[in-house]
Amino acid sequence: MGTTKNQGGSSGSRKGAERPLWSLPADGNSDWGDPTQIPAWAHSEAAAAAPPPEQVPGPPEPKPAFGERAGYAGRSSSRTSPRGAGGTGSWGSGGRPARAGAKRSTPKAPRTRERTPREAKEPIELTDEQYASKGRSILLRQLTASAKSRAQLKTKLLEKEIPEHIAEELLERFEEIELVDDEAFAEGWVRSRARSRGLARSAIKRELREKGIEGELAESALEQIDDESEEETARDLVERKLRAPSMGVDREKSVRRLVGMLARKGYSPSVAFRIVNAAWDERFGPDAEQ
């Protein structure tokens, strides 16, 4: 279908815009003006064949500029960057859009978070039965790890806030079933420390005192070590150290080192010097370089 140009109507279209012939109403009841002013070409066959005005779509709306498009990319025209008026930075000017993370002209007030004070929780009070059950579990774990004296176990129970009277009852019960036995513990400790570490009686006695075993109980356990066995243990320690070739280079230095080693293990200075000198002479000879 052909088109014609608007010759001066009041439809709002800019002058010279082309419109299809079917949009020209035959009766003149539109924005084209008075029927007497309708041009002669409006009475042509094409205009007469046009549909009634109520069935004809209106003229197309003018296409807005790119920067005026509402809701573009989630933004409304009211949020267009103010720099668009100057031709720099608006969507319609071809410049870069304003960054969402740009700094505000007015600084934002920092948020203050009020913390509500926590209410102090009241300590949970256990019954005697609950304390006893907790204490039994503690004792069993301690004895499973290694043998311990009664004093060590009581200290552990008190550290775990077991009442003292309940701790005493538990330890007495464990002694009745022979799970806690200070005499057996002391004897085993003396044998182990003398054999594995080569300690003298004075050093072992000091360790027993730290574990709460003193007096006759400690002395009875230390009777396993006599003077002869103690010196034999010291001699074995020195002979193992003298196997190093560097020990025969400087006798004075070697003797000083070996005597210090025996002193740390609880041997008296007189015993230490006698055993070290005898072992050095036997190993390197009395005529070795002094």
Side-chain angles (χ1 to χ4, degrees), residues 115-238 240 259-272 275:
R115 296 185 177 181
T116 56
R118 295 182 178 179
E119 297 181 359
K121 295 182 179 180
E122 297 183 359
I124 301 175
E125 191 68 24
L126 303 179
T127 63
D128 288 353
E129 293 182 0
Q130 291 173 327
Y131 275 123
S133 177
K134 180 180 178 181
R136 280 192 294 270
S137 300
I138 295 171
L139 292 177
L140 291 174
R141 285 197 301 269
Q142 292 294 315
L143 293 172
T144 301
S146 61
K148 290 179 176 61
S149 65
R150 177 183 175 123
Q152 288 179 290
L153 295 172
K154 183 177 180 180
T155 301
K156 182 61 66 174
L157 290 174
L158 297 180
E159 288 178 357
K160 298 297 183 179
E161 301 180 353
I162 303 298
E164 187 172 0
H165 69 281
I166 296 179
E168 289 290 346
E169 293 177 0
L170 289 172
L171 291 172
E172 290 177 2
R173 176 55 181 164
F174 272 60
E175 284 181 336
E176 291 177 4
I177 60 178
E178 298 182 355
L179 288 178
V180 176
D181 189 344
D182 279 356
E183 183 178 357
F185 170 80
E187 292 178 354
W189 186 264
V190 170
R191 288 193 302 270
S192 173
R193 303 299 283 176
R195 181 174 61 254
S196 62
R197 299 293 302 276
L199 299 182
R201 283 174 295 183
S202 60
I204 299 175
K205 185 177 182 179
R206 183 169 56 251
E207 291 182 347
L208 290 175
R209 187 184 307 114
E210 294 173 354
K211 298 182 182 303
I213 298 178
E214 300 181 274
E216 296 182 358
L217 191 58
E219 295 295 337
S220 176
L222 290 170
E223 289 179 358
Q224 301 175 87
I225 305 175
D226 54 13
D227 294 340
E228 184 178 353
S229 61
E230 189 176 73
E231 290 190 10
E232 183 178 354
T233 301
R235 194 160 41 247
D236 291 340
L237 291 171
V238 172
R240 285 201 298 268
V259 168
M261 181 266 294
L262 291 179
R264 289 190 296 272
K265 292 183 178 293
Y267 296 90
S268 63
S270 59
V271 172
I275 292 176

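Keep in mind that this is a model prediction, so the values were computed, not measured. Residue indices begin at 1 and follow the sequence shown.
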Exercise for review: Would you please name every residue forming a side-chain contact (heavy atoms from CB on, under 4.5 Å) with Thr155, sequence neighbours left out?
Suggested key: Glu159
Exercise for review: Look at the side chain of Ser192 and the backbone N and O of Gly188, then say whether any donor-acceptor pair between them is shorter than 3.5 Å.
Suggested key: no
Review point. Does Glu231 reach the main-chain N or O of Ile275 with its side chain, forming a donor-acceptor pair under 3.5 Å?
Key: no
Review point. Excluding sequence neighbours, so at least two apart, what forms side chain to side chain donor-acceptor pair (under 3.5 Å) with Lys148?
Key: Ser146
Exercise for review: For residues Phe174 and Leu140, determine if any side-chain heavy atom of one lies less than 4.5 Å from a side-chain heavy atom of the other.
Suggested key: yes
Review point. Taking all atoms of both residues into account, what is the closest heavy-atom pair of Gly266 and Ala203, and its distance?
Key: CA-CB, 4.1 Å
Review point. To the nearest 0.5 Å, what is the distance between CD (Glu175) and CD (Glu172)?
Key: 7.0 Å
Point to revise | Any residue meeting salt bridge (Lys or Arg N to Asp or Glu O under 4.0 Å) with Glu216, in chain and number order, not counting sequence neighbours | key: none
Distance-only check: which donor-acceptor pairs under 3.5 Å involve side-chain atoms of residues 176-184, not counting sequence neighbours?
{"unit_1": "Glu176", "atom_1": "OE1", "unit_2": "Arg173", "atom_2": "NH1", "d": "3.2"}
{"unit_1": "Asp181", "atom_1": "OD1", "unit_2": "Glu183", "atom_2": "N", "d": "3.2"}
{"unit_1": "Asp181", "atom_1": "OD1", "unit_2": "Ala184", "atom_2": "N", "d": "3.4"}
{"unit_1": "Asp182", "atom_1": "OD1", "unit_2": "Arg150", "atom_2": "N", "d": "2.8"}

**Study point:** Non-hydrogen side-chain atoms of Leu171 and Leu139 separated by less than 4.5 Å
**Key:** yes
Revision key, fill the gap. Residues at least two apart in sequence or cross-chain that pass salt bridge (Lys or Arg N to Asp or Glu O under 4.0 Å) with Glu232, listed by chain then number, are none
Check your understanding: Among pairs that include at least one residue of residues 199-208, which meet salt bridge (charged side-chain N to carboxylate O under 4.0 Å, His left out), considering only residues two or more places apart or in two chains?
Key -> Arg193-Glu207, Arg201-Asp227, Arg201-Glu230, Lys205-Glu219
Exercise for review: Look up atom CZ in Phe185 and atom CG in Leu208, then write down how far apart they are to the nearest 0.5 Å.
Suggested key: 7.0 Å
Point to revise | Spacing of Leu217 atom CG and Leu222 atom CG [to the nearest 0.5 Å] | key: 10.0 Å
Practice item. Sequence neighbours left out, what passes side-chain contact (heavy atoms from CB on, under 4.5 Å) with Arg240? Give chain and number order. Key: Asp236, Leu237, Arg243
Point to revise | Qualifying salt bridge (charged side-chain N to carboxylate O under 4.0 Å, His left out) pairs, either residue in residues 128-146, two or more places apart | key: none
Exercise for review: Apply side chain to side chain donor-acceptor pair (under 3.5 Å) to Ser229 and list each qualifying residue two or more places apart in sequence or on a separate chain.
Suggested key: Asp226
Practice item. Please round to the nearest 0.5 Å and tell me the distance separating atom OH of Tyr131 and atom NE2 of His165. Key: 9.5 Å
Check your understanding: Got a second to check how far Leu158's CG is from Lys160's NZ, nearest 0.5 Å?
Key -> 12.5 Å
Point to revise | Approximate separation, where rounding is to 0.5 Å, of Ile166 CD1 and Gln130 CD | key: 10.0 Å
Exercise for review: Output all residues satisfying side chain to side chain donor-acceptor pair (under 3.5 Å) with Ser149, sequence neighbours left out; order by chain, then residue number.
Suggested key: Gln152
Point to revise | Steps toward side chain to side chain contact (heavy atoms under 4.5 Å, CB included) verdict (Ile225, Thr233) | key: CA-CA 10 Å; Ile225 305 175; Thr233 301; over 6 Å; no
Point to revise | side chain to side chain contact (heavy atoms under 4.5 Å, CB included) assessment of Leu170 paired with Leu153 | key: CA-CA 10 Å; Leu170 289 172; Leu153 295 172; over 6 Å; no
**Study point:** Under the side-chain contact (heavy atoms from CB on, under 4.5 Å) test, residues paired with Ser268 that sit two or more places apart
**Key:** Ser270, Val271
